[in-house]
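Labels below follow one simple rule: chain letters A, B, ... track the order of the sequence lines, proteins then strands, and each chain is numbered from 1.
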There are 2 protein chains.
Amino acid sequence: MRRSEIRDHLLETALRLFNQYGYHATGIDLIIAEAGVAKTTLYRHFDTKEDLILAALERRDEEARDTMREFVEQRTSDPVERLLVTFDFLETLFRDERFRGCIFVSAAGEHKDTADPVFRAAVLHKRLVLAYFEELAHAARFAEPKRIAAEINLLHEGAIAVAQMTRTAEPARQAKRMATQLLAAEGQAAAPSARREGASHRAQVS
Amino acid sequence: MRRSEIRDHLLETALRLFNQYGYHATGIDLIIAEAGVAKTTLYRHFDTKEDLILAALERRDEEARDTMREFVEQRTSDPVERLLVTFDFLETLFRDERFRGCIFVSAAGEHKDTADPVFRAAVLHKRLVLAYFEELAHAARFAEPKRIAAEINLLHEGAIAVAQMTRTAEPARQAKRMATQLLAAEGQAAAPSARREGASHRAQVS
DNA sequence: GCTAAACGATACAGATCGGTTTATTTCTGT
DNA sequence: ACAGAAATAAACCGATCTGTATCGTTTAGC
């Protein structure tokens with residue numbers, strides 16, 4: 001196993017355990033045992049446990065956003081539909097039996113100080129996801145793309161929080177229905193099966 | 001300090017620390033130091049740390065639901081408006097500088113096993129809150145009260161999750177606007193300032 | 001094939017964890 | 001006032017925590 005592979009393997013192992021048990025409950029000894037690596041090796045790649053957490057979050061951040069982008073873009077090119085398809089992506093996450101909630105929400109929940117680097121890393125991820133929604137809402141030519149993106153984002157967070165407790169995929173579908181309803185009220189043509197397609201300059205409502 | 005007062009004081013202290021630092025990060029030694037109590041005393045009232053956590057969650061569960069009920073009922077008697085006023089209640093929570101997210105979500109995030117008593121206690125709280133929304137949605141005579149309640153609930157969870165990260169009160173107002181929009185589309189008279197009041201048998205939409 | 005870096009294994013450090021024990025003092029109810 | 005219960009402080013337990021140090025062995029690049 002090459003050096004970079006070990007690092008990757010450690011990050012993947014750590015992420016799996018953080019997701020399964022949480023950050024404080026996952027000890028270094030468990031991580032190295034599961035990764036099949038000596039403690040010296042871990043500490044050669046990461047100075048502290050916090051560094052490992054931060055690196056793991058950074059990796060998952062990129063991976064999660066890339067995966068969502070890919071999922072969305074290969075399903076539809078209409079920006080409004082893309083906003084809705086993000087909920088289908090959520091549903092695939094919820095259907096994974098390893099799903100235990102959003103690791104960034106959990107990270108923020110275990111490191112509540114806003115000055116904590118882990119908290120800040122979690123916030124950064126959420127900001128980048130929101131930026132993606134804004135990108136889509138802008139492309140969809142909504143009158144207030146930032147507001148629309150924030151609404152989609154809030155529905156995402158709600159679905160994730162509910163699914164964390166119920167451990168079902170239903171919250172994703174429910175959030176999608178709510179998003180459909182809200183977007184339809186915004187642009188009159190948000191619903192996929194709506195009248196004409198490709199409408200520009202959707203009207204605002206409030 | 002009487003016996004029951006000590007127990008209460010311990011629960012309040014523990015809740016404050018759990019909210020501030022999380023469950024794993026809050027040690028027994030810190031709790032007794034902050035409570036100004038000997039370790040023996042704590043262990044006379046609670047067998048284990050888990051018992052303390054469970055008792056604390058149970059207490060906050062009742063307190064939180066009572067407080068919300070009170071807040072809502074003294075502001076309006078219209079069931080539809082009551083559903084919307086729950087978001088004003090959320091806003092008061094977010095405005096508290098000690099707000100660090102929902103302690104039940106955090107509890108579930110640190111005890112992810114669905115068989116864990118702490119996880120189950122968190123789920124129970126969320127179920128009882130949902131039951132309250134169902135009660136209100138039923139009183140409002142929506143065609144599908146359970147669905148409406150689940151939607152309100154999802155908006156609540158979304159607002160809480162977003163506010164946990166942003167540490168602002170805005171998510172509560174945003175969720176309220178979304179709820180207003182959704183309820184208006186359900187019954188045609190959901191908006192407080194809508195045409196006639198006291199309408200019964202609101203129509204369904206989908 | 002040599003050198004140097006990176007690896008694994010293990011022991012260890014010092015702190016902290018949840019929880020127990022002991023011995024002493026302070027309440028509280030009758 | 002007196003007995004019993006419950007409070008206190010402090011030492012202590014074994015386990016676990018993050019992180020370091022030691023020391024061979026393996027591996028990779030020149």
Side-chain angles (χ1 to χ4, degrees), chain A residues 1-57 106-107 109-113 116-119 121, chain B residues 1-58 103 106-107 109-113 116-119 121:
Chain A
M1 211 184 265
R2 285 186 297 277
R3 175 180 169 82
S4 64
E5 289 176 334
I6 288 184
R7 199 186 135 94
D8 279 8
H9 180 56
L10 275 170
L11 287 176
E12 285 301 325
T13 304
L15 273 169
R16 175 170 61 81
L17 295 171
F18 290 154
N19 180 64
Q20 189 168 2
Y21 303 115
Y23 298 88
H24 286 91
T26 301
I28 293 289
D29 289 340
L30 178 60
I31 296 174
I32 62 174
E34 292 275 309
V37 142
K39 195 179 272 194
T40 349
T41 304
L42 185 147
Y43 277 103
R44 185 170 290 106
H45 287 278
F46 308 98
D47 285 349
T48 65
K49 185 186 182 182
E50 182 175 277
D51 281 352
L52 172 63
I53 294 175
L54 290 173
L57 288 181
S106 290
E110 288 197 46
H111 306 83
K112 309 191 183 216
D113 187 343
D116 189 309
V118 176
F119 181 89
Chain B
M1 211 184 267
R2 283 185 296 276
R3 175 180 168 82
S4 65
E5 288 177 336
I6 289 184
R7 198 186 136 94
D8 279 9
H9 180 55
L10 274 169
L11 287 176
E12 285 301 324
T13 304
L15 273 169
R16 175 170 61 80
L17 295 171
F18 290 153
N19 179 65
Q20 189 167 4
Y21 303 115
Y23 299 87
H24 286 91
T26 301
I28 293 288
D29 289 340
L30 178 60
I31 295 174
I32 62 173
E34 292 275 312
V37 143
K39 196 181 270 196
T40 26
T41 303
L42 185 148
Y43 278 102
R44 193 185 315 284
H45 288 278
F46 307 99
D47 286 349
T48 65
K49 185 187 182 183
E50 181 175 276
D51 281 352
L52 172 62
I53 294 175
L54 291 173
L57 289 181
E58 196 171 335
I103 67 161
S106 289
E110 288 197 45
H111 305 85
K112 309 190 183 219
D113 187 341
D116 189 309
V118 176
F119 181 89

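Of the listed nucleotides (C:dA6, C:dG19, C:dG8), C:dG19 has the atom at the smallest distance from the side chain of B:T48. Closest to the A:I28 side chain, of the nucleotides C:dG19, D:dT18, C:dC7, is D:dT18. For A:A38, taking side-chain heavy atoms from C-beta onward, the closest of the listed nucleotides C:dC7, D:dA7, C:dG8 is C:dG8. Side-chain atoms of A:K49 lie closest to D:dG19 of the nucleotides C:dC7, C:dC17, D:dG19. Each of D:dT18, D:dA7, C:dA6 was ranked by its minimum atom distance to the side chain of A:D29; first place goes to D:dT18.
Atom CG of B:D47 and atom CG of B:L52 lie 11.0 Å apart (nearest 0.5 Å). We find the CG-CD1 distance between B:N19 and B:I103 to be 7.0 Å, quoted to the nearest 0.5 Å. Interatomic distance, A:H24 NE2 to A:I53 CD1, rounded to the nearest 0.5 Å: 7.5 Å.
Heavy atoms of other residues, nucleotides or ligands lying less than 6.0 angstrom from CD of A:Q20 number more than 12.
Atom OH in B:Y21 sits about 14 Å away from atom P in C:dT16, given to the nearest Å. For the pair A:Y43 OH and D:dT22 P, the computed distance is 18 Å after rounding to whole Å. The distance from atom NE2 of A:H24 to atom P of C:dT16 is 14 Å, rounded to the nearest whole Å. Computed from coordinates, the A:L10 CG to C:dC7 C1' distance equals 12 Å when rounded to whole Å. Counting to the nearest Å, the P atom of D:dC17 and the CD1 atom of A:I53 are 14 Å from each other. Remark: C1' of D:dA11 and CD1 of B:I32 are 13 Å apart, rounded to the nearest angstrom. As rounded to whole Å, 19 Å separates atom P of C:dA23 from atom NZ of B:K39. Atom-to-atom, CG of A:L42 to P of C:dT10 comes out at 17 Å; the value is rounded to the nearest Å.
Dashed line: the shortest gap from a side-chain N or O of B:H45 to OP1 or OP2 of D:dA6 is not under 4.0 Å.
Side-chain contact between B:I28 and B:Y43: present, with at least one pair of heavy atoms (C-beta onward) separated by less than 4.5 Å.
B:T40 comes within contact range of at least one nucleobase, with a heavy-atom separation under 4.0 Å.
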